[in-house]
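Residue numbers begin at 1 in each chain, while the letters A, B, ... track the order of the sequences.
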Amino acid sequence: MFDWIQNSADWFVYDVLNLDKGQHLAEALNFFIYDTTKILILLFVVIFLMGIVNSYFPIDKVKSYLSRNKLYGLEYLMASLFGVVTPFCSCSSVPLFIGFVRGGIPLGVTFAFLITSPLVNEVAIGLFVGLFGIETTIIYVISGVLLGTVSGVILQQLKLERFLTPWVKEVLATAQRDQDTFIAEKQTLQQRLPIIWDEVLKILKGIIPYVIVGIAIGGLMHGYIPEGFFEQYMAKDNLFAVPIATILAVPMYSNASGILPVVQVLVVKGIPLGTAIAFMMGVVGLSLPEAMLLKKVMTLKLIAIFFAVVTLCIIISGYLFNFLL
Amino acid sequence: MSKTIKILGTGCPKCQSMTGVVKDVISENNIDATIEKVEDIMEIMKYNVMSTPALVVDDVITIKGRVPSKEEVLALVK
């Protein structure tokens with residue numbers, strides 16, 4: 001499918017620039033051109049498709065659905081799945097949280113949504129397909145959804161309502177399930193497309209610099225670090241690798257799109273995929289800016305419990321991946 | 001009649017660009033309107049929006065969760 005990109009990259013590096021095959025610089029440059037083109041195309045496609053889905057499943061519809069229907073335990077999985085198709089902006093997490101709580105949606109279900117939404121988002125999926133291929137992407141998406149579901153169930157069991165800030169408790173006290181059905185805007189796809197298109201371009205513009213820098217760094221490492229270099233440090237049987245990778249990852253966020261290309265190279269050079277996936281989930285799924293925002297609705301203790309549970313689940317899935325793959 | 005335009009948002013980059021768009025439209029077209037930025041989350045939640053930024057014209061929520069184009073804003077405030 002991407003042969004033509006490889007051919008163009010070969011042509012540009014070996015014919016136009018006249019660099020020798022096998023030379024470090026030539027290989028790094030070739031890798032950079034190929035990866036950048038491929039990933040930008042995939043990002044564009046995925047963000048665009050998700051934009052269309054989201055246009056038909058806006059967050060208000062999701063909330064209304066979760067609030068109105070009794071789902072007998074499936075609501076955690078549903079919330080988690082909805083999180084996949086909803087683009088996440090950390091600045092929306094607080095209004096979203098309040099909106100869910102006000103609609104009588106249990107705290108654990110709200111958490112399931114809040115966990116999966118950033119973890120499995122359109123940018124992460126686009127990058128994943130480009131860097132690791134479809135199979136790994138599917139594994140990532142499924143485990144992201146399950147992670148959100150399981151963490152949501154655990155958090156619900158912990159009865160955390162008492163750790164909400166006072167004004168949110170008030171909201172909780174007056175919460176009621178939605179009576180009326182969400183009425184969708186009646187718009188044709190043609191009317192929606194320009195708006196979706198606009199959003200796609202905005203998202204791409206925001207991440208392109210990070211992606212390019214990330215791939216450039218990856219490209220350099222690709223050319224200069226020998227195959228299997230990390231195997232001696234981060235072998236599968238090293239029990240500490242997964243937790244260390246996860247905990248290192250939590251504070252990184254704004255440059256997730258820059259970090260993923262680097263991680264891909266690390267995997268090629270011998271870091272086990274489970275360790276790498278745990279790292280990436282930490283980068284994409286949990287962020288300190290988000291924690292700061294959540295302070296408006298949760299006490300620090302609750303934020304700490306929330307992050308601890310999710311981190312723990314990420315570490316467990318990292319071990320699972322290393323064990324299974 | 002003067003219109004009241006409110007921009008609901010906690011101060012994220014998207015909210016700032018929405019404010020910019022709205023201000024431009026108002027001044028470029030000499031529209032009689034007051035712009036108010038609502039940054040307090042409890043105030044925002046009174047409007048029952050779940051994705052910011054949101055644009056409120058005369059107490060009606062018109063746009064939420066995205067940055068509108070100038071033409072779109074103009075059509076809403078005219």
Donor and acceptor N/O pairs, chain A versus chain B, under 3.5 angstrom:
from	atom 1	to	atom 2	distance (Å)
A:D60	OD2	B:K64	NZ	3.2
A:S92	OG	B:T52	N	3.2
A:R102	NH1	B:M45	O	2.9
A:R102	NH1	B:N48	OD1	3.0
A:R102	NH2	B:M45	O	3.1
A:K202	NZ	B:V67	O	3.2

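- Counting only heavy atoms from C-beta outward, the side chains of B:M50 and A:F100 approach each other to under 4.5 Å.
- A:I98 contributes atom CD1, which lies 6.5 Å from atom CD1 of B:I41 (distance to the nearest 0.5 angstrom).
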